[in-house]
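Data first, discussion second: the structure below is written as structure tokens.
Throughout, residue positions are numbered sequentially from 1 according to the sequence presented.
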Amino acid sequence: MKKCLPIIFAALLMVSALTGCKTISQPVMSTTGASSPTVSLTASVAYEKLIAYKTGNYGQQSIADFNEALASTPDELTEFLAAVADVSGAISHDDENYDFLDTTIRFSSHELYCEHMGEELTFFINLAKKSRPCSYVDEDGETVYDFNCFVDVNVAYSIDNPELVTVAERDTVLLTFREEMQNYLNGLSEEEIAGGGLEKMLKTKSTELANSLSTENMKLSPCEIYLIEINNSF
């Protein structure tokens, strides 16, 4: 069973990478609760399975209890990751459960997988800054910008005492790290970004954030940057 997990998780990561975990196709369920005709029965069943964990107090549950409820055995983990992969390709931004699925379930699925495989916990982040919009759009109707900067980073973290960290605390820490890194990039000028020192500046900022957001029970490390792409048209 363990050999199946990397395949399922790789599929999940591919969906996340292609969509940025932000722009996915059609909603799995309609506003009336009926299955959307544009979504497979498999995705609809998986959707119902996952949102069942969105109880009234899920945010106050400990990471230990919440993740244990999601999957306590290798077979349950395989089924859970398969459900996450199915829903990740179908859920839409305007779905009322989008944040729960894209944040809480995604974080927990990654933690369960890494724990099972003996791998380090990491949080993948896409950062982007665009400026100087052009007067035309691309083939998808999206605005084209003369200046674009894209950065991909990984943030390693550990939850040393999962029974003492709530789901809400974990989600808030990771989302705050991403938001503050994006805010920092937004605040840099085009000259600062294109000047050659962006990697150092981002690592310095990530160190500051890791230190301020880490607690006795959950610790973050400075980010690892593995992609910086700058397109600057004058």
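Connection of Ile230 to Tyr145 is not established within any shared hydrophobic cluster, with ILVMFWY side chains joined at heavy-atom distances below 4.5 Å, either directly or through further cluster members. Hydrophobic clustering (ILVMFWY, side-chain heavy atoms < 4.5 Å, transitive): Leu164 and Met218 are in distinct clusters. Tracing side-chain contacts under 4.5 Å through hydrophobic residues (I, L, V, M, F, W, Y), one reaches Ile193 starting from Met201; they form part of the same cluster. Met117 and Leu121 fall within a single hydrophobic cluster, where Ile, Leu, Val, Met, Phe, Trp and Tyr side chains are chained together by heavy-atom contacts under 4.5 Å.
Around the OH atom of Tyr226, the shell of radius 6.0 Å holds more than 12 heavy atoms that belong to other residues, nucleotides or ligands. Within 6.0 Å of atom CD in Glu76, more than 12 heavy atoms from other residues, nucleotides or ligands are found, so the atom counts as buried in its surroundings. In this structure, Glu216 places its CD atom where only 12 or fewer heavy-atom neighbours from other residues, nucleotides or ligands lie under 6.0 Å away.
In this structure, the separation between CD on Glu180 and CD on Glu208 is 9.0 Å, given to the nearest 0.5 Å. To the nearest 0.5 Å, atoms OG (Ser88) and CG (Leu81) are separated by 10.0 Å. For the atom pair Asp152 CG and Glu229 CD, the distance stands at 9.0 Å (nearest 0.5 Å). In this structure, the separation between CD on Glu79 and NZ on Lys49 is 6.0 Å, given to the nearest 0.5 Å. With rounding to the nearest 0.5 angstrom, the CG atom of Asp86 is 10.0 Å from the OG atom of Ser44. Interatomic distance, OH of Tyr47 versus CG of Leu101, reported as 6.5 Å (0.5 Å rounding).
By the side-chain contact (heavy atoms from CB on, under 4.5 Å) test, Glu142 is found to be paired with Asp138, Asp140, residues two or more places apart in sequence or in another chain being considered. Remark: Lys203 pairs with Glu199 by the salt bridge (Lys or Arg N to Asp or Glu O under 4.0 Å) rule, at least two apart or across chains. Residues that satisfy the side-chain contact (heavy atoms from CB on, under 4.5 Å) test with Glu120, not counting sequence neighbours, are Thr122, Ala156. Under the side-chain contact (heavy atoms from CB on, under 4.5 Å) criterion, Val137 pairs with no residue at all, not counting sequence neighbours. Annotation: salt bridge (Lys or Arg N to Asp or Glu O under 4.0 Å) contacts of Glu115 (sequence neighbours excluded): none. With sequence neighbours excluded, the residues forming a side-chain hydrogen bond (donor to acceptor under 3.5 Å, both in side chains) with Asp65 are Ser62, listed by chain and number. Shown here are the ring pair (Phe, Tyr, Trp, His ring centres under 6.0 Å) partners of Phe107, two or more places apart in sequence or in another chain: Phe123. For Asp160, the salt bridge (Lys or Arg N to Asp or Glu O under 4.0 Å) partners two or more places apart in sequence, or in a different chain, are Lys219. Scored by the ring pair (Phe, Tyr, Trp, His ring centres under 6.0 Å) test, Tyr157 finds no partners at all (sequence neighbours excluded). Applying the salt bridge (Lys or Arg N to Asp or Glu O under 4.0 Å) test to Glu68 and every residue at least two apart in sequence or in another chain returns nothing.
Between Ser206 and Cys223, the closest heavy-atom pair is OG-N, 3.0 Å. The shortest non-hydrogen separation linking Pro222 to Ala210 is N-CB, 4.0 Å. Nearest heavy atoms, Val87 versus Ala43: CG2-O, 3.9 Å.
Between Leu202 and Val153 there is no side-chain heavy-atom pair separated by less than 4.5 Å. Gln182 has its side chain within reach of Leu185: a pair of non-hydrogen atoms, C-beta onward, lies under 4.5 Å apart. Residues Asp146 and Cys134 are in side-chain contact: their nearest non-hydrogen atoms beyond the backbone lie under 4.5 Å apart. For the pair Phe150 and Asn126, the minimum side-chain heavy-atom distance is 4.5 Å or more. No side-chain heavy atom of Tyr184 sits under 4.5 Å from any side-chain heavy atom of Leu209. Annotation: side chain of Ile225 is not in contact with side chain of Leu198 (no heavy-atom distance under 4.5 Å). Ile105 has its side chain within reach of Leu70: a pair of non-hydrogen atoms, C-beta onward, lies under 4.5 Å apart. Taking 4.5 Å as the limit, every side-chain heavy atom of Thr204 sits out of range of all side-chain heavy atoms of Thr207.
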| request: Using the side-chain hydrogen bond (donor to acceptor under 3.5 Å, both in side chains) rule, take Asn217 and Asn161 through it: C-alpha gap first, then chi angles, then the decisive distance, then the call. | output: CA-CA 5 Å; Asn217 300 312; Asn161 296 297; 2.8 Å; yes
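A donor-acceptor pair is defined here as one N or O able to donate and one able to accept, closer than 3.5 Å; such a pair exists between the side chain of Lys129 and the backbone of Leu188. Checking side-chain atoms of Lys130 against main-chain N and O of Asn148 turns up no donor-acceptor pair under 3.5 Å. Counting only distance, with no hydrogens or angles, the side chain of Glu192 and the backbone of Ser189 share a donor-acceptor pair below 3.5 Å.
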Please output the side-chain donor-acceptor pairs of residues 167-175 that fall under 3.5 Å, not counting sequence neighbours, one pair per line with the distance.
residue, atom, partner, partner atom, Å
Glu169, OE1, Thr166, N, 2.9
Glu169, OE1, Thr166, OG1, 3.4
Arg170, NH1, Ser108, OG, 2.9
Arg170, NH1, Glu111, OE1, 2.9
Arg170, NH1, Glu111, OE2, 3.4
Arg170, NH2, Thr104, O, 3.2
Arg170, NH2, Ser108, OG, 3.4
Asp171, OD2, Thr104, OG1, 2.5
Thr172, OG1, Ala168, O, 2.8

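Applying the ring-ring contact (aromatic ring centres under 6.0 Å, His included) test to residues at least two apart or on different chains, the pairs with a partner in residues 52-86 are Tyr58-Phe100.
Using modelled atom types, one finds no donor on one side chain facing an acceptor on the other under 3.5 Å when comparing Thr73 with Asp75.
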